[in-house]
Protein chains: 2
Amino acid sequence: MSKGNLRDVIVNRLKSKGLRVTPQRFAVYANLCSRRDHPTVEQILKDLNQDFPISSQATVYTSLQALRKVGLVKEVLLEEGVSRYDANVEPHHHFHCRQCGSIKDVPWDTFDSFNLERLPYLAESYEVTIRGLCDRCTGNN
Amino acid sequence: MSKGNLRDVIVNRLKSKGLRVTPQRFAVYANLCSRRDHPTVEQILKDLNQDFPISSQATVYTSLQALRKVGLVKEVLLEEGVSRYDANVEPHHHFHCRQCGSIKDVPWDTFDSFNLERLPYLAESYEVTIRGLCDRCTGNN
DNA sequence: CTACTATCTCAGAATAATTCTAATCTCAGA
DNA sequence: TCTGAGATTAGAATTATTCTGAGATAGTAG
Ligand SMILES: [Mn+2]
Ligand SMILES: [Mn+2]
Ligand SMILES: [Zn+2]
Ligand SMILES: [Zn+2]
């Protein structure tokens with residue numbers, strides 16, 4: 001009887017990818033799934049351990065690598081020297097606010113009029129990065 | 001009487017941005033201008049010093065920062081933990097080959113049909129990153 | 001041409017992000 | 001329950017980048 005709750009959904013996703021469900025790996029993935037802000041390793045680590053220790057730094061790194069290898073998380077590269085992570089692995093684009101630094105998902109169908117056949121390469125995927133001011137920062141100065 | 005040669009062009013560009021023209025800074029920018037491969041700091045450094053020492057590592061870093069600050073070079077972020085540099089500061093997109101890792105420029109007008117008004121943000125710029133197999137890697141296996 | 005000085009360069013130290021090591025532990029299948 | 005491949009950990013190692021502070025120099029004013 002699957003209760004269909006979030007815990008079970010996450011456990012089943014890990015298992016279906018052949019990953020062992022360990023408390024640390026579960027915590028990392030669950031944390032990432034609960035957020036929309038594309039956190040860094042440091043932010044995930046701090047969040048996990050804020051009440052009591054759950055996972056070491058090295059384990060957060062290796063968990064993210066394992067999750068990335070099986071396609072449950074993606075890396076997002078928008079800023080110099082900053083690796084961010086995203087549990088949203090469906091194709092989508094990103095908006096990066098130059099003022100507050102926030103990163104927002106942009107729906108895939110925002111740019112659906114691409115003609116990739118013009119390129120002299122075999123294009124397998126693409127992503128658009130948009131920069132500017134987010135809704136909370138427009139109007140500020 | 002400008003001779004219009006590459007050396008003068010580069011010197012004038014540096015001066016027009018208010019940068020002092022030092023041998024090291026000249027060498028870094030000239031090297032970047034002569035390449036199409038979006039090199040890393042390490043690759044630039046190795047290239048500059050291959051015959052005899054021209055510039056220290058720290059100076060390559062600071063030169064690139066200075067050049068970036070005045071808009072003569074751009075940073076290109078496509079791979080985890082790798083910062084690449086580009087003297088092509090005109091708006092353009094990038095293709096990244098998953099096989100050989102090469103990075104190619106993609107003309108700006110390849111994607112000229114964007115409707116950025118649909119977004120709830122103030123979009124100031126955008127860039128498309130395409131991944132796949134380059135012309136030299138298609139057909140190989 | 002010479003002197004001046006703000007800026008630049010450099011080696012080496014410091015910092016920061018990530019990976020490695022190797023000892024110990026544990027999930028999950030039999 | 002038993003067992004072993006895979007996971008976890010603290011701390012060391014590695015790698016990328018920045019800092020430091022002392023000496024060098026590009027460009028300018030005289
Ligand atoms: Mn996202
Ligand atoms: Mn380019
Ligand atoms: Zn903002
Ligand atoms: Zn290729």
Side-chain angles (χ1 to χ4, degrees), chain A residues 7-8 10-32 38-49 52-70 72-85, chain B residues 7-8 10-32 38-49 52-70 72-85:
Chain A
R7 168 174 299 273
D8 292 338
I10 287 176
V11 167
N12 288 334
R13 276 195 210 156
L14 293 172
K15 283 184 175 170
S16 75
K17 297 293 187 178
L19 293 180
R20 280 166 65 166
V21 182
T22 66
Q24 290 81 1
R25 189 175 284 167
F26 178 93
V28 168
Y29 186 53
N31 183 264
L32 206 48
H38 306 83
T40 62
V41 169
E42 192 188 2
Q43 291 169 332
I44 295 168
L45 182 67
K46 189 179 167 194
D47 201 2
L48 289 185
N49 294 335
F52 52 91
I54 286 183
S55 175
S56 72
Q57 187 188 53
T59 299
V60 173
Y61 275 103
T62 55
S63 295
L64 286 170
Q65 258 186 294
L67 291 163
R68 191 157 62 94
K69 198 164 291 178
V70 301
L72 284 179
V73 316
K74 277 197 308 190
E75 209 183 6
V76 179
L77 300 172
L78 293 176
E79 297 154 278
E80 174 179 16
V82 181
S83 283
R84 297 179 170 277
Y85 294 89
Chain B
R7 167 172 300 272
D8 293 338
I10 287 175
V11 167
N12 287 335
R13 276 195 210 156
L14 293 172
K15 282 184 174 170
S16 76
K17 297 292 187 177
L19 293 179
R20 278 168 65 167
V21 182
T22 67
Q24 291 82 359
R25 190 175 283 167
F26 177 93
V28 168
Y29 185 53
N31 183 266
L32 206 48
H38 307 81
T40 62
V41 169
E42 192 188 2
Q43 290 169 332
I44 295 167
L45 182 67
K46 189 180 168 193
D47 200 3
L48 288 185
N49 294 335
F52 50 93
I54 285 183
S55 175
S56 73
Q57 186 188 54
T59 299
V60 174
Y61 275 103
T62 55
S63 295
L64 286 170
Q65 258 185 295
L67 291 163
R68 192 157 62 95
K69 197 163 291 178
V70 302
L72 283 178
V73 317
K74 276 196 308 187
E75 209 183 7
V76 178
L77 300 172
L78 293 175
E79 297 153 280
E80 175 179 15
V82 180
S83 284
R84 297 178 169 279
Y85 293 89

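Chain letters run A, B, ... following the sequence lines, proteins first, then strands; residues in each count from 1. If you're wondering where the values come from, they're calculated on a predicted model, not measured in any experiment.
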* L67(B) side, atom CG; Q65(B) side, atom CD - distance, nearest 0.5 Å -> 10.5 Å
* To do: Could you walk me through whether K15(A) and V11(A) pass side chain to side chain contact (heavy atoms under 4.5 Å, CB included), step by step?
  => CA-CA 6 Å; K15(A) 283 184 175 170; V11(A) 167; 3.9 Å; yes
* To do: In whole angstrom, give the distance that lies between atom NZ of K15(A) and atom P of dA7(D).
  => 15 Å
* Asked: What does L64(B) touch in the nucleic acid at a heavy-atom separation under 4.0 angstrom: a base, only the sugar-phosphate, or nothing?
  -> nothing
* Judged by atom type as modelled, is there a donor-acceptor pair below 3.5 Å linking the side chain of R84(A) to the main-chain atoms of V76(A)? -> no
* Remember a base hit wins even if backbone is also touched, and classify E42(A) as base, sugar-phosphate or nothing at under 4.0 Å, heavy atoms. => nothing
* Roughly how far, to the nearest 0.5 Å, is the CD atom of E79(A) from the OG1 atom of T40(A)? -> 9.5 Å
* Asked: Rounded to the Å, how far apart are F26(A) CZ and dA7(D) P?
  -> 17 Å
* So which heavy atom on L32(A) is nearest to which on Y85(A), and how close? -> CD1-O, 3.7 Å
* Asked: Taking OP1 and OP2 of dA7(D), is either one under 4.0 Å from a side-chain nitrogen or oxygen of T59(A)?
  -> no
* Asked: Using Watson-Crick and G-U wobble pairs whose two distances are both under 3.5 Å, how do you write the pairing of DNA chain C as dot-bracket, with | for links to another strand?
  -> ||||||||||||||||||||||||||||||
* To do: Using the heavy-atom set of chain A and a strict 4.0 Å cut-off, write down the first and last nucleotide of DNA chain C that makes it in, 5' to 3'.
  => dA17(C) to dA28(C)
* Closest-nucleotide ordering on DNA chain D, the 5'-leading residue of P23(B) and A58(B) -> A58(B)
* **5′-ward residue of the pair Y61(A)/R25(B) relative to DNA chain C** => R25(B)
* Structure fact -> Between CD of E80(A) and C1' of dA16(D) the distance, given in whole Å, is 11 Å
* Would you state whether a donor and an acceptor, one from the side chain of R20(A) and one from the base of dA5(D), lie under 3.5 Å apart? => yes
* **Donor-acceptor contact present, side-chain N49(B) to main-chain I54(B), <3.5 Å** => yes
* Asked: Rounded to the Å, how far apart are R84(B) CZ and dT17(D) C1'?
  -> 17 Å
* Give a yes-or-no answer on whether the side chains of R13(B) and Y29(B) include a donor-acceptor pair shorter than 3.5 Å. => yes
* What do the steps show when you test V60(B) against L48(B) for side chain to side chain contact (heavy atoms under 4.5 Å, CB included), and what is the final call? -> CA-CA 10 Å; V60(B) 174; L48(B) 288 185; 4.2 Å; yes
* Looking across every strand, which nucleic acid part, if any, lies under 4.0 Å from L19(A) by heavy atom: base, sugar-phosphate, or nothing? -> nothing
* To do: Take atom CD of Q65(A) and atom P of dG6(D), then tell me their distance rounded to the nearest Å.
  => 16 Å
* Asked: Is a donor on one side and an acceptor on the other found under 3.5 Å between the side chain of T59(B) and the backbone of S55(B)?
  -> no
* To do: Quickly work out the Q57(B) CD to dT15(D) P distance and round it to whole Å.
  => 12 Å
* Over how many whole Å does the gap from L14(B) atom CG to dA26(D) atom C1' extend? -> 13 Å
* Polar side-chain atom of N12(A) near backbone of D8(A) as donor-acceptor pair, under 3.5 Å -> yes
* To the nearest Å, give me how far apart CD (Q43(B)) and P (dT17(D)) are. => 12 Å
